[in-house]
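Below, each value reflects all heavy atoms present in this structure, side chains not excepted, and no hydrogens, waters or symmetry copies. Counting convention: from 1, in listed order, for ligands and their atoms alike.
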Amino acid sequence: MPSINHISTNIVHGVLYIVPTPIGNFSDITQRALIILKDVDLIAVENIYHTHILLKNFNINNHLILINQKNENKQTDKIIKKLKLGKKIALVSNAGTPVINDPGFILIKSCHKNKIRVIPLPGACAAITALSASGISSNRFCYEGFLPTKKIARCNLLRSLRKEIRTIIFYETPHRILKSVTDIIKEIGTERNLVLVKEISKYWEYIFSGTSYELLSWLQQDINHCKGEMVLIIEGFQNLSNNVLTQEVYDTLYLIQKEISLKKAVTLTSKIYKIKKNILYNYAINHFK
Ligand code: SAM
């Protein structure tokens, strides 16, 4: 039930508002975000240019201070001093929810240490918006941010996630998506279900849903498929220890894959027993040596 914000009386300092901004469509900004951005004494921004465009669109004129990965320590001290003087400050990033793979963590931690009130506003976040549309279970999920840029680190991380049963969310970039999906196939398999959610709330918004192998083929089809802002969602490892795989299915798959490639063995077994290929494939790569 929406309500008017209750302000606690025992905090004497200023307030830091965490204000999410749209991840594409400016209409997604909330009424409350606009009120706060107009009302505060200062807005701490990741990038002056980006925020200036947003504010201009809503006819908001306010003072801005830069806070980014390079200057966060120094700027935190400055901002905390202002908050202690009773100023109201809003924190915004270039898009989406600040601190979610964006600057602000040091500042927020310091606010808590200094007993300065932090008020988070609900709003856009690419990871959660993508998850909501993915068609992959969202009962349990983990957010992993961006995959490491170095191949070895990327493969190590993916290998460590091979048996993760929760849905896994990654942020991805156009120049790395092909490498990442190739490594996902190498470390997790060809049959894991993935969903790539691109350009949310923008003109080229698109959702691709399929196995890791199908996603790689789709990306390779057209250079444009790799473009845009994107979130990659990986279905968690399906634990097969019980009901689906009987000893008979296991034996069949095991014997066939000794004679032909694992991929073909999985396809055949899947046809014989009407079991999803990704279930059989995941089982095989985790149990057969
Ligand atoms: N703080 C932001 C949030 O709450 O989503 C995320 C910032 S992170 C630096 C930027 C990444 O978010 C992009 O590389 C992309 O993976 C994802 N992203 C941002 N906007 C998006 C959009 N409109 N569609 C899909 N992914 C998006």
**Set of residues satisfying side-chain hydrogen bond (donor to acceptor under 3.5 Å, both in side chains) with respect to S93, sequence neighbours excluded** = D102
**Request:** With rounding to the nearest 0.5 Å, note down the distance linking CD in E144 to CG in L158.
**Result:** 9.0 Å
**Request:** Kindly say whether R192 contributes a backbone atom to a donor-acceptor pair with the side chain of T211 at under 3.5 angstrom?
**Result:** no
**Prompt:** What is the ring orientation for Y143 with Y171, classed by angle as parallel under 30°, tilted 30 to 60°, or perpendicular over 60°?
**Reply:** perpendicular
**Fill in**
Residue set satisfying salt bridge (Lys or Arg N to Asp or Glu O under 4.0 Å) with E72, at least two apart, ordered chain then number -> none
**Test salt bridge (Lys or Arg N to Asp or Glu O under 4.0 Å) applied to K198 - qualifying residues, sequence neighbours left out** = none
**Message:** With a 4.0 Å heavy-atom cut-off, what residues sit around ligand 1?
**Reply:** I23, A95, G96, T97, I100, N101, D102, C125, A126, F146, Y171, E172, V197, E199, I200, K202, E229, M230, V231
